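Just so it is clear, the structure is predicted and the values come from calculations on it, not from any experiment. Computed from heavy atoms alone, side chains included, the values below leave out hydrogens, waters and symmetry copies. For reference, positions follow the sequence shown, starting with 1.
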Amino acid sequence: MKIILASQSPRRRELLARLGLPFSAQAPDIDETMEPGEDPAREVARVSRAKAMAVEAAPEDVVIAADTIVVCNGRVLGKPGTPGQAQQMLRLLSGRDHQVMTGLTVRRGATVLTETEVSRIFFRPLQEEEIAAYVATGEPLDKAGAYGIQGLGKRFVEGIEGDYFNVVGLPVSRLLRVLAGFETENC
């Protein structure tokens, strides 16, 4: 049995490596576009499942896939395409709370389990100068919601309810519960 991480995210790779699990990584080639007007939790789960299904694996292999989005006032914030979009997202998050949702899918053979983890984050009010300075670092450009809680973006966070690692991009506790269930199921 091999573990395959269906992701190109360095953060997910790092979190999985910290668990001490040997794994390989494959970047799935799928369209990650969210359907407008659909429930964000359902959509992030759908994309996660599509990632898991897009990776080639032997029947005994375990495939782990995840997709993370930020939702503020019902609006889904993916990765910003430009520095201007990153600034707009950070302005929207300023002084507000928002949700970070990660769809997590684990697949082994014909068994596929998909769940969604939700964490609530509270941002302090941000000044235009600090938004511009943060965006200039480049960090927000490859992160959902235009910030990395594990990087320089942590300075904006006043509080968190839920799994910190979910906000980084992989709900570690939920993943371990799912993996334990797969081991029990296949004994």
Side-chain angles (χ1 to χ4, degrees), residues 2-16 19 21 23-59 61-81 85-86 88-89 92-93 97-121 140-149 160-182 185:
K2 294 187 299 185
I3 296 175
I4 302 166
L5 177 63
S7 179
Q8 59 187 358
S9 164
R11 291 161 299 283
R12 288 190 185 113
R13 289 180 187 180
E14 180 183 344
L15 288 172
L16 197 54
L19 293 175
L21 301 173
F23 69 95
S24 61
Q26 293 181 29
D29 184 21
I30 66 153
D31 179 5
E32 296 184 34
T33 306
M34 299 277 171
E35 295 294 329
E38 294 295 325
D39 177 62
R42 196 170 25 252
E43 279 298 290
V44 77
R46 180 188 62 78
V47 172
S48 167
R49 187 179 184 92
K51 287 180 178 181
M53 302 310 287
V55 171
E56 287 188 37
D61 293 342
V62 173
V63 177
I64 299 167
D67 192 61
T68 302
I69 58 172
V70 171
V71 180
C72 184
N73 289 347
R75 182 174 164 197
V76 175
L77 306 178
K79 295 176 184 176
Q85 288 176 348
Q88 288 176 341
M89 287 182 188
L92 178 64
L93 298 175
D97 68 298
H98 59 276
Q99 295 177 313
V100 175
M101 298 180 182
T102 300
L104 174 69
T105 300
V106 179
R107 171 174 70 104
R108 185 173 194 186
T111 303
V112 183
L113 180 61
T114 302
E115 298 184 4
T116 301
E117 183 77 24
V118 180
S119 301
R120 188 173 175 198
I121 310 302
L141 297 179
D142 73 336
K143 314 250 184 326
Y147 76 96
I149 195 168
I160 179 172
E161 290 177 2
D163 183 346
Y164 166 82
F165 297 108
N166 178 53
V167 184
V168 178
L170 187 65
V172 173
S173 182
R174 184 177 293 257
L175 171 62
L176 291 174
R177 284 194 311 269
V178 171
L179 289 175
F182 268 73
E185 188 176 287

Just by distance, do the side chain of Lys51 and the backbone of Ala66 share a donor-acceptor pair under 3.5 Å?
yes

Checking Ser48 side chain against Thr105 main chain: does a donor-acceptor pair fall under 3.5 Å?
yes

Do the side chain of Arg107 and the main chain of Ala52 share a donor and acceptor less than 3.5 angstrom apart?
yes

If you round to the nearest 0.5 Å, how far is CG of Asp39 from OG1 of Thr116?
8.5 Å

For the CZ atom of Arg49 and the CG atom of Leu113, what is their distance to the nearest 0.5 Å?
8.5 Å

So do Val167 and Thr68 actually touch side chain to side chain, heavy atoms under 4.5 Å?
no

For the pair Arg46 and Glu43, find out whether any cationic side-chain nitrogen is under 4.0 Å from an anionic carboxylate oxygen.
yes

All salt bridge (Lys or Arg N to Asp or Glu O under 4.0 Å) counterparts of Arg174, not counting sequence neighbours:
Glu115, Glu117

Taking every non-hydrogen atom, the tightest pair across Pro140 and Pro80:
O-CG, 3.3 Å

Check Asp142 against Arg11 and note the closest heavy-atom contact, atom names and distance.
O-NH2, 3.4 Å

d(Met101 CE, Asp67 CG) to nearest 0.5 Å is 12.0 Å

Atom CD of Gln8: over 12 foreign heavy atoms under 6.0 Å:
no

For residues Gly162 and Ser119, report the shortest heavy-atom separation together with the two atoms involved.
C-OG, 3.9 Å

Got a second to check how far Arg13's CZ is from Phe23's CZ, nearest 0.5 Å?
7.5 Å

Leu93 side chain near Val70 side chain, heavy-atom distance below 4.5 Å
yes

Enter the distance from Ile121:CD1 to Ile160:CD1 here, rounded to the nearest 0.5 Å.
3.5 Å

How about Arg75: does its CZ atom have over 12 heavy atoms from other parts shown lying under 6.0 Å from it?
no

Nearest atoms (heavy-atom pairs only) where His98 meets Val71:
CB-O, 3.3 Å

Do Leu170 and Leu104 have side chains that get closer than 4.5 Å, going by heavy atoms?
yes

Heavy-atom pair of closest approach, residues Ser9 and Ser7
N-OG, 2.9 Å

How close do Lys143 and Gly148 get, counting heavy atoms only, and between which atoms?
CD-CA, 3.7 Å

Non-hydrogen side-chain atoms of Leu16 and Leu175 separated by less than 4.5 Å:
yes

Does the Asp97 side chain pair with the main chain of Arg120, one donor and one acceptor, at a distance under 3.5 Å?
no

Could you grab the distance from atom CG of Asp163 to atom OG1 of Thr102, nearest 0.5 Å is fine?
8.5 Å

